[in-house]
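Indexing begins at 1, ligand by ligand and atom by atom, following the structure's order. None of the values given here were measured: they were computed from a predicted structure.
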Amino acid sequence: MGIAENYIKTYKNVMNECAHAERAADSVCLLAVSKTVGLDGVAEAIEGGARSFGENRPDQLMLKHDAYPDVDWHFIGNIQSRRIKDIVPRACLIHSLFEDRHARKIDEEAAKIGKMQKVLIEVNVSGEASKSGVAPGDAQELLDLCLKLPHVVPCGLMTMAPQGDLDAARKCFAGLRDLRSALQKQIAATDPEAANMFDQLSMGMTDDWLEAIQEGSTIVRIGRAIFA
Ligand SMILES: *Cc1c(COP(=O)(O)O)cnc(C)c1O
């Protein structure tokens, strides 16, 4: 099967699972992670109906965004300070923020172009040494910083689940959801509007998106099922 067909099939599967989980069809965004393909692959996915794409490298984000500026581009990769100036003008959402200094730099670059930059805080729920993200107990501190930065809009949390163990993945997703709800409650006491904005859960990939949707994911980041 081609990429357009793969996208359509994946979209249908995601929507079916939404229905099973008694969730609204528009409560989950299917993010097509196009990091393994070139511009042709992106074009094929667009043909299949994809409108939201994820990239983990700034160079690829620049190339693909600039070729297809009318679809949404999300940055899901490792953030380097010197590349923030390339990411901010192109990413509608940055999923992978976990350092204070990057939050400040994102604010600085967004201010330069008069943008409100939406971000998610990446949390290392499983505690695996190989995973990036803040420890769950440190998420609030980074969130408080983001709330103070005038050009940064914290929109929720992101995580990567342990691989190869769906029970562990499900626990990780439930942990992220509970943390999001706890943080939302904290913010709501002083800033109900900001609490409403802080509702996204970016979790679930090709192998574990079903569990993620059942546990409340609002953005599934799917690569291989579409592009492999
Ligand atoms: C590559 C990647 C994905 C997609 O993974 P698949 O297993 O191919 O679906 C999702 N999230 C991040 C951060 C990635 O780097």
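To the nearest 0.5 Å, the span separating OG on S202 from CD1 on I94 amounts to 13.0 Å.
Residue pairs meeting the salt bridge (Lys or Arg N to Asp or Glu O under 4.0 Å) criterion with at least one member in residues 208-228, sequence neighbours excluded, are R170-E215, R177-E215, D207-R224. Residues in residues 78-95 take part in these salt bridge (Lys or Arg N to Asp or Glu O under 4.0 Å) pairs, two or more places apart or across chains: D59-R83, D66-R90, R83-D86.
The main-chain N or O of S34 is found under 3.5 Å from a side-chain atom of K64 such that the two form a donor-acceptor pair. Using modelled atom types, one side-chain atom of S217 and one backbone atom of M203 make a donor-acceptor pair closer than 3.5 Å.
In this view, L183 and A139, Q140, L143, L157, L179, F198 satisfy the side chain to side chain contact (heavy atoms under 4.5 Å, CB included) rule, not counting sequence neighbours.
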I'd like the atom pairs linking ligand 1 to the protein - N or O on both sides, separation under 3.5 Å - with distances to 0.1 Å.
from, atom 1, to, atom 2, distance (Å)
ligand 1, 7 (O), R224, NE, 3.1
ligand 1, 7 (O), R224, NH2, 2.7
ligand 1, 8 (O), R224, N, 2.9
ligand 1, 8 (O), R224, NE, 3.3
ligand 1, 9 (O), T206, N, 2.9
ligand 1, 9 (O), T206, OG1, 2.5
ligand 1, 9 (O), G223, N, 2.8
ligand 1, 11 (N), R221, NE, 2.9
ligand 1, 15 (O), K35, NZ, 2.8

